[in-house]
Amino acid sequence: MILFFHGLDSDNETTKYTAISHPHKHCETVDYRRQSHEQISRLYDALITRYQPALSGYAARHYALPALCQRHGLEPVLSPVSVACPGQVHE
């Protein structure tokens, strides 16, 4: 199971997530601007407990990824910024 964390002002329809072809994946849309850090942390903890996933984020700087991995004893799967997704233009 891959649990993907999208970036700020994004959602579970981001091409960075939809380009992952693994059949067992999940991405929960989170409104980072309207939810508190504590609310987001509780949500992510609940998702990790439910799915027991490999954790993935679009970039290593995803604010929660290192802390969540350490807290749950998991290894992160980082999706590098240079990953090309179908139909996506990179500068």
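For Arg42, the salt bridge (charged side-chain N to carboxylate O under 4.0 Å, His left out) criterion is met by no residue, not counting sequence neighbours. Every side chain to side chain contact (heavy atoms under 4.5 Å, CB included) that Ser10 has, sequence neighbours left out, goes to His6, Thr14. Residues meeting the ring-ring contact (aromatic ring centres under 6.0 Å, His included) test with His26, sequence neighbours left out: Tyr51. Remark: Thr29 pairs with Asn12 by the side-chain hydrogen bond (donor to acceptor under 3.5 Å, both in side chains) rule, at least two apart or across chains. Scored by the salt bridge (charged side-chain N to carboxylate O under 4.0 Å, His left out) test, Asp45 finds Arg71 as partners (sequence neighbours excluded).
In this structure, Lys25 satisfies the cation-pi test against Tyr17, with its NZ or CZ atom closer than 6.0 Å to the six-membered ring centre and inside 45 degrees of the ring normal.
No donor-acceptor pair under 3.5 Å is formed between the side chain of His72 and the backbone N or O of Leu74. In this structure, Gln39 contributes its side chain and Ser36 its backbone to a donor-acceptor pair below 3.5 Å.
Below 30°, between 30° and 60°, or above 60°: for Tyr44 and Phe5 the angle between ring planes is below 30°, a parallel geometry.
Pairing each heavy atom of Met1 with each of His22, the nearest pair is N-CE1, 4.5 Å. Listed here is the closest heavy atom pair of Cys27 and Phe4: SG-O, 3.4 Å.
For residues 26-40, every residue pair satisfying the salt bridge (charged side-chain N to carboxylate O under 4.0 Å, His left out) rule, not counting sequence neighbours, is listed here: Asp9-Arg33, Asp31-Arg34.
Within a 6.0 Å radius of CD in Gln52, other residues, nucleotides and ligands contribute more than 12 heavy atoms.
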